A.B. asks: 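Pasting in a structure now, in C-alpha cells, and then I'll have a few things to ask.
Not measured: the values here are computed from a predicted model.
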Amino acid sequence: MKLSFKIFLCCFCIAALFSCSSDDVIDMRENEVPSVSLSYDESLEHFGIMLSKAVSNDENVRKFVKNQVLMKIDNGYNIFYPVVKDKKVVDGTSFRQILMNYATDKKELLEIERNLPLLNIHMPQFDSVKVTSLDVKSDELPVLVNKKLFVKGELVDTIGDLEVPVFNVLVVTESSTIKKKTAGTRSNLALSLNDEFEYTDISFVPRRQETRSLLYDEDIVNDGFEDEEHRKYDIEKYHGKTLPVDSIDPRLVEAFKKSENTRCYTRCFMYYGLKNTSDKIDVNKHLDCQDCIYRFRLNENEFNFYESYQSDNNKYFGRNSITNKKWHLTRSDVLSRLKTGKTIDFLIHIIDTAFQDIAFSVQPEDVFNVSVSYSYTHPTMFRSSKHEYRINFANFKSKWYYPHEHGHDLRLGRWNVFNNAINKRIYFYFVPTKNGQEETITEEATVTCVNSNNVEVKINAELLKNISSSVGYSGSWGTTKTYTVKKEYKFRYKPLLRSDFYINYFDDYPISSIKDNNVIFNEPGGSGAVTFTIMPISNDFYNNKMKK
C-alpha cells in the first residue's frame, strides 16, 4: 500500500536546516578523496536508498537509529556516520555491515564513504514533530535525500523548495557541524571529536557534564544516550517509602528488632531503653528521644494550588522560559534564573495534652521536582544557535523534603506516653501572603491519656501486651481517660489546611520491615495533601548526624 504524507508550506528553505554548502564539500572532496564512479548527489541518494531499506526491514535498526539520534553528538539530532558506522546494532553486527546487505555490490558503500567523508543522518524536530515520539514499531520511516522521499527503498514523493515534512523523517546530508582535521592546521583540543574529526564551532561540542545535571536519574541511560524525558527533573535522594538502614537512628533499628513480634513495643523500647518485655518502665526517667517529622511529600498537583494564591507580580517562578546562546546551562543555573526567590510558607500545629507550633518556609524547587524542558535550535543562514529552557507547570512532580537538611527542626517534643496523650493530632497548613482579614481558628482534638492518678511509678511492660485498638485501650488498661482539648489561633492571613491526621504511640509504629539493608516505613493515615514519615529519634543522633 502506497504511503501518503502530509506536507505544509514553510517560510524557510530545508536546505538551510539540514546541509552545508555543497561547494565547500566539493572543495574538500577534490583535495582529499580520490575520484569515484558515483557523483556527489548519486552517493547521497544511493546511501539514502540503503538506509531506507534497512530501517524498513529491521526494528533493531530503527531502535539503533533513534538511540543514536538522541545521543545528540553535536547538540542536535544527528548521526555522524563515520563515528557510528562500526557500532553494533544486534548480535555483534555493525551498522555498516547491515547497510552493506542492501548495497548493489560490495564496492558501492565503500565508494560512498570515500565520496562523503562527512556523511550525516539528521532527524528534524519541530513543534508538532518530536524525535522522542518516533514509533520504532512502524516500518514506514521515510528517508529524505535531495527533495526525494524514499520508503522501503522506493521513491514515494518529492517536496518543493519551500516545503517541510511534518512527520518523522531521516535526512541524508553531510555534516555542517563536524569537519575533518587537516595536517597543516593546528587542532583545537576543545573542538576535537576524535583523532580524525573536530567540531566547526564550540557551540556544537556536547557539554556532557553540564547536560547530565539535567537528568532525573543518571542511571536511566539506554545504550549511552540521554533519554529526553529524564533531563527534565532533579535526581531524588531517596524514592518511595524506603530509606537506607544506615540513614536511620541505630537505636530505632535496635528497638524494632527487639519488638519484631509485638510492634506496639517499638517506641517503648526506644524511649525507655527497655531490654526485653519483662523490664519495668520508669515513667520519671529522663527521655532523650523525640518523635520527628523526618520527611514529608506533597501531592503532585499541589504547586498549582499554591501558585493560585499569589499575585501576578509575585509568583513563585517569575519567568516561564529563558534562552541562552552559545552554550548549555546547568539545571541549577536555569532554575536560579527562572525563580523569584519567593518561599512557600507552612505552619504545623500539634495537639495532645499540650500544644506545639512549628512555622517554616521552603523553596518551591525543594518540595517539587520542577519540570524543565530543553530545546536547541541549530544556527542557519537566517538565525543564530539558541538554547531554550521552559518550565512545564502542568508536569511538576512531588519529591520528598527532608526538613533537617534545610535547617528546620520538626521534632514533635518529648512523648512520655504515661504523662501525655497516647495520640497526637497534627494539622498542616499552607499560609498564603495575599492580603486578608484577621482570622481566628479553633482547633480541637480527642485525646486518650493514661489516668496518671492510677499509674504507679513502675509499670510492667507486660501490661502492654493487652493493648488493642479494637477495644479502645481503656477496656484493656482500665487506666485511660479520653477527652477533647481545644485551642484558638489568630492569623493575619487565613491559613489553608492541607492535611489533618492522628498519630498513635502504639498503633502507628514507624517501621514496617527491614529488608536488604533498606527500611520500609509505615506512613500515618489521614486525609489531605501531605504524606509524612514520622519516627522517634534520639537527641544524639539528631545532633551528631542529622544537623551536620
A.B. asks: Just say parallel, tilted or perpendicular for the rings of Phe532 and Phe501, cut-offs at 30° and 60°.
C.D. replies: tilted
A.B. asks: Between the side chains of Arg390 and Ser373, does any donor sit under 3.5 Å from an acceptor?
C.D. replies: no
A.B. asks: Say whether, by atom type as modelled, one donor and one acceptor occur between the side chain of Asn392 and the main chain of Val372 under 3.5 angstrom.
C.D. replies: no
A.B. asks: Below 6.0 angstrom between ring centroids: does that apply to Tyr509 and Phe506?
C.D. replies: no
A.B. asks: Is it true that the NZ or CZ of Arg251 lies under 6.0 Å from the centre of Phe541's six-membered ring and within 45 degrees of the ring axis?
C.D. replies: no
A.B. asks: When the ring planes of Phe296 and Phe346 are compared, do they come out parallel, tilted or perpendicular, using 30° and 60° as the limits?
C.D. replies: perpendicular
A.B. asks: Mind telling me whether Phe368 and Phe396 have parallel, tilted or perpendicular rings, with 30° and 60° as the class edges?
C.D. replies: tilted
A.B. asks: Please assess Asp246 against Asn517 for the test side chain to side chain contact (heavy atoms under 4.5 Å, CB included), listing each intermediate value before the final yes or no.
C.D. replies: CA-CA 8 Å; Asp246 58 7; Asn517 291 321; over 6 Å; no
A.B. asks: As an exercise, state the distance from CG of Leu347 to OG of Ser361, rounded to the nearest 0.5 Å.
C.D. replies: 10.5 Å
A.B. asks: Establish, yes or no, whether the cationic atom of Arg498 lies under 6.0 Å from the six-membered ring centre of Tyr427 and within 45° of the ring axis.
C.D. replies: no
A.B. asks: Donor-acceptor pair, Arg297 side chain versus Val367 backbone, under 3.5 Å?
C.D. replies: no
A.B. asks: Compute the ring centroids of Tyr401 and His406, then answer whether they are less than 6.0 Å apart.
C.D. replies: yes
A.B. asks: Against the six-membered ring of Tyr77, is Lys72 placed for a cation-pi contact (under 6.0 Å from the centre, within 45° of the normal)?
C.D. replies: yes
A.B. asks: Here's a test for you: under salt bridge (charged side-chain N to carboxylate O under 4.0 Å, His left out), which of Arg425, Arg414, Lys424 qualifies with Asp352?
C.D. replies: Lys424
